Structure formats: structure tokens, C-alpha cells
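In what follows, a structure is listed as C-alpha cells, so that the remarks can point back to it.
The chains referred to below are lettered A, B, ... by the order of the sequence lines, with proteins before strands, and numbering in each begins at 1. From a predicted model like this one, the values you see are computed outputs, not experimental measurements.
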2 protein chains.
Amino acid sequence: MSLSTEPTGWQQSSETTPELEAYTLLRQVHSMLEMYNRYDLRGEDLTVPQFMILNYASRSGVPLSEISARMMCDNSNLTGIVDRLIAKGYVERRPDPNDRRVSLICLTEAGAEKLRNLRPRHHERLRKRMRSLSEHEVQQLRELLRSLYSGLLAPVEDDRNGHPADD
Amino acid sequence: MSLSTEPTGWQQSSETTPELEAYTLLRQVHSMLEMYNRYDLRGEDLTVPQFMILNYASRSGVPLSEISARMMCDNSNLTGIVDRLIAKGYVERRPDPNDRRVSLICLTEAGAEKLRNLRPRHHERLRKRMRSLSEHEVQQLRELLRSLYSGLLAPVEDDRNGHPADD
DNA sequence: TTGAAACTGTTTCATTTGAAACAATATTGA
DNA sequence: TCAATATTGTTTCAAATGAAACAGTTTCAA
């Protein structure tokens, strides 16, 4: 999709709530930032999820399921992405000597170097893109999201079946 | 992925900024709410993107590209999803008499009924899930996101190549 | 010790997504 | 008018995602 700064043609629906508006905006901001990240990584031989795995891996190795927990996705999602990172030479799989079920995701020297080069620029670009918020507003946003996130982790009372089963 | 309320094993990286923390939390909240939505729609014969299209369609018909603009995705993404909604009988394609390029996405009576039944429950669940924020905090969050979103729509000055080309 | 249960990662399958190329149609400016 | 340009939606391909089933391994309680 091409990014346009033109005013859009459609207007807000009348039947809405502050919660829905906040959620809609959250999705829009998420979508925009994702788009920017994709664009940045375009010339770097990396996709967004590939870069994310690189960020969570380490030279000494991190279990795949620790990475999937931090990325809030299923193990099965990562198998293929790791395969592609291996093909590109940025990570490798090593068996965990202490637990034969575990496979450790290790940054190669090339991967570590890529990350050293990319991460600071990545953070700086994010900082610049959020400049429409003041320092104080960024902290306010962070605290609101932190509080919302904690609330989401706890089951909703007064509403059985209000959340996925914890299997 | 199964949703767990257990404390996670990993800890915050030391090298971080308020902006990065806010963005990470935004991704986490987005991921949680997406997970809840998926779970809710599970028994409703719908996926999240299918439900989203249903919400943007109407009895009188909406051009596909208007829907893709609101969903911030490419037209090509919607072709397949609309096909599946047609197969389920919730939507149909009709040619626009005024512009033969356009195909209007129209809710069928079944689709409209589904929506009448689902939408209020959907909004109510969202409201409950955000109860960890006070009414005032929800509005605060909404305004911060609104402001951030506006800033993201405008190109970043002092940083050419700081945003995808507007082709 | 051993058998049931839990955990880890892979495989498989269907769906979604991103991007490019394309055909059909519309718009515009010379 | 008419040729260049833009828009709309589809097709195609690669990548990512969600969910279920699975094999190998570990844990734990009887």
C-alpha cells in the first residue's frame, strides 16, 4: 500500500464509544509504524518479523519459545522465519546441552554486526517519528498503555467467557 | 498461541527509550486485543479481517478501495477475504453503474443480520476489557493516539527518506 | 521406577498479508 | 479528439500467521 497524506474521503461513524475510538486509533498508529518499519528494513535484506527475531536472539543463544513468548506468537510461526534468517547467515540453531527439547537461536557474527549497525538507527527513527508528542506525553502514553496491558493480562471479572481459555 | 496470565520469564532490556517502551507496549496491547477478538469471533463463523470488512460494507454497497483505505491495507489483500465472505453468504459484489472499474461490496440480509447481532456485543466486550482505565484515562489515551497519528501522517522534517514515498 | 501429563519445536494446512504486474476503465491536457 | 496518465480491482508469488496434530523430551506424582 502506498502511504498518502491526503485527507481521506470517509467519515467517522456516528455510533461509537471512547473505547472504540481509542482502539481504532491504536490500530491505525500500529499500522502506520509497521508500515514505516517495513519501509526502513526494505533495503536491509530484512522483513519486520525477521528483524524482531534478530533483536531477541543473542550470541549465546535464546530458546525459540522465549522468543515466541516475547513476540506474543506461536512457536510454529517462528520455524519458517528462523529458517530464512539462517539462509541469510544471520542466526544459527544450536541444541541446548541441558535440555534436548530446546533449540537455541544464536546470532552469528554477521547477525550481531547487522544489529549493531541497525538498532541505533531504528531507535532514532522511532524517536523522530513520535516527535508530535512531547517528552511528557510520551511518558503519559507509556503509562496508560502499561496500565491497559496489565488489565488485559488479568481475566475480566463479571464476564465468564470474556477471555480465551488458559490451556 | 494460548493466552497465559503467568508472569513471564524475561526482563526488560537495559538499553531503551521512553519512545521504544511506548511502542513496545502499543504492540503488546494491540496483540492482546487482536487475540481476544479472534477468540470472540471463533464461534461466529468469522475471522477478524472478515468481520472488519463486514463492518465497513453496507446494504447499498461500498467500493472495495474505500474499505481497503479504511483498513489501511492493499486492495489485493481484500479480494480473497471478500471471496470467502461471499462463499459464506454475508456479502455480494455488484458493479457500480457510474464507474465500471468499481465493484461495490454489499451486505446481504444475512450479513446485515449477523452484524446487528454481533456489533453491540463486540463493543460491550471491548468496553469491559478496557475497564482498567478510567473514563478520563480512556479519553486521555484517545487524544494522545490521535495526536500521534496526525504526526505520523505528516512527513518527518529534518529527515528526508524518513518516510515511504508518496507515489 | 514408571506412567501420565506437560513442554519444545516441527509439520501441515488454511488464511492473511505485501508487493509487483496486469487488464479494464476513467481522466486529463494538448 | 486522442494519447498519456491515473485509478480500480484481480492475479500471482513469497512471506507471515493461527491452529491443530505430532514426535521427542522432561517433569512429577504415585
Side-chain angles (χ1 to χ4, degrees), chain A residues 1-4 6 9 30-31 34-39 41-43 45-53 61-69 71-88 93-105 164-167, chain B residues 1-4 6 9 30-31 34-39 41-43 45-53 61-69 71-88 93-105 164-167:
Chain A
M1 182 198 188
S2 95
L3 189 60
S4 167
E6 312 278 307
H30 178 266
S31 178
E34 190 86 354
M35 215 179 301
Y36 279 122
N37 288 339
R38 213 160 38 233
Y39 173 79
L41 293 169
R42 202 65 188 285
D45 192 28
L46 285 175
T47 65
V48 171
Q50 283 167 18
F51 180 57
M52 221 181 284
I53 290 184
V62 177
L64 183 126
S65 41
E66 183 175 324
I67 298 180
S68 68
M71 289 176 63
M72 304 181 93
C73 73
D74 195 88
N75 284 345
S76 68
N77 299 139
L78 300 191
T79 304
I81 309 178
V82 167
D83 286 348
R84 269 158 236 131
L85 282 174
I86 290 173
K88 291 177 182 179
R93 269 188 260 252
R94 277 196 342 230
D96 182 340
N98 301 117
D99 186 337
R100 294 199 293 165
R101 291 171 303 181
V102 173
S103 116
L104 297 170
I105 310 301
D166 193 356
D167 29 72
Chain B
M1 183 198 186
S2 94
L3 188 60
S4 167
E6 313 277 306
H30 177 267
S31 178
E34 190 87 353
M35 214 179 301
Y36 279 122
N37 288 339
R38 216 163 33 237
Y39 173 79
L41 293 169
R42 201 69 186 284
D45 192 27
L46 286 175
T47 65
V48 171
Q50 284 166 16
F51 181 56
M52 222 181 283
I53 291 184
V62 177
L64 185 125
S65 43
E66 183 175 323
I67 298 181
S68 68
M71 288 176 65
M72 303 179 95
C73 72
D74 195 87
N75 284 345
S76 67
N77 299 140
L78 300 192
T79 302
I81 309 178
V82 168
D83 286 348
R84 269 159 234 129
L85 282 174
I86 290 174
K88 291 177 182 179
R93 269 188 261 253
R94 277 197 342 231
D96 182 339
N98 302 117
D99 187 338
R100 294 200 295 163
R101 291 171 303 181
V102 173
S103 115
L104 297 170
I105 311 301
D166 191 358
D167 28 77

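- A donor-acceptor pair shorter than 3.5 Å can be found between the side chains of Asn75(A) and Ser68(A).
- When rounded to the nearest whole Å, the span between OH of Tyr36(A) and P of dG18(C) equals 16 Å.
- In this structure, CD1 of Ile105(B) is placed 14 Å from P of dT8(D), rounded to the nearest angstrom.
- One finds the CG atom of Leu64(A) at 7.5 Å from the CD1 atom of Ile53(A) (value rounded to the nearest 0.5 Å).
- In terms of heavy atoms, Gln50(A) sits closest to Leu46(A) at OE1-CA, 3.7 Å.
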So which protein N/O to nucleotides 26-29 of chain D N/O distances come out below 3.5 Å?
unit_1	atom_1	unit_2	atom_2	d
dT26(D)	OP1	Arg100(A)	N	2.9

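- With rounding to the nearest 0.5 Å, the separation of CZ in Arg84(A) from CD1 in Ile86(A) is 11.0 Å.
- Among all heavy-atom pairs drawn from Asp45(A) and Lys88(A), the shortest one is O-NZ, 3.0 Å.
- Distances shorter than 4.0 Å separate none of the side-chain N or O atoms of Arg94(A) from OP1 or OP2 on dG9(C).
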What pairs of nitrogen or oxygen atoms, one from the protein and one from nucleotides 10-17 of chain C, lie under 3.5 Å apart?
unit_1	atom_1	unit_2	atom_2	d
dT10(C)	OP1	Arg93(A)	NH1	2.9
dT10(C)	OP2	Thr79(A)	OG1	3.2
dT16(C)	OP1	Thr47(B)	OG1	2.5
dT16(C)	OP1	Gln50(B)	NE2	3.2
dT16(C)	OP2	Arg84(B)	NH1	2.1

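- Distance, Leu41(A) CG to dA15(D) P: 15 Å, rounded to whole Å.
- At whole-Å resolution of the value, NZ in Lys88(A) and C1' in dA14(D) are 11 Å apart.
- Of all heavy-atom pairs spanning Pro95(A) and Leu104(A), the tightest one is O-CD1, 4.3 Å.
- Distance CG (Leu104(A)) to C1' (dT8(C)): 12 Å, rounded to an integer number of Å.
- At least one side-chain heavy atom of Leu78(B) sits less than 4.5 Å from a side-chain heavy atom of Met71(B).
- Across the strands present, dC22(D) finds its partner in dG9(C); the criterion is a Watson-Crick or G-U wobble pair with both atom distances under 3.5 angstrom.
- Here dT8(D) presents its P atom at 13 Å from CD1 of Ile67(B), a figure rounded to the nearest Å.
- Pairing each heavy atom of Thr47(A) with each of Leu41(A), the nearest pair is O-CD1, 3.7 Å.
- The nearest whole Å value for the distance from the CG atom in Asn37(B) to the P atom in dT17(D) is 17 Å.
- Nucleotide dG9(D) holds its C1' atom 13 Å from the CG atom of Asp96(B), rounded to whole Å.
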Pair Arg93(A)-Ile105(A), side-chain contact (heavy atoms from CB on, under 4.5 Å): steps then yes or no: CA-CA 5 Å; Arg93(A) 269 188 260 252; Ile105(A) 310 301; 4.0 Å; yes

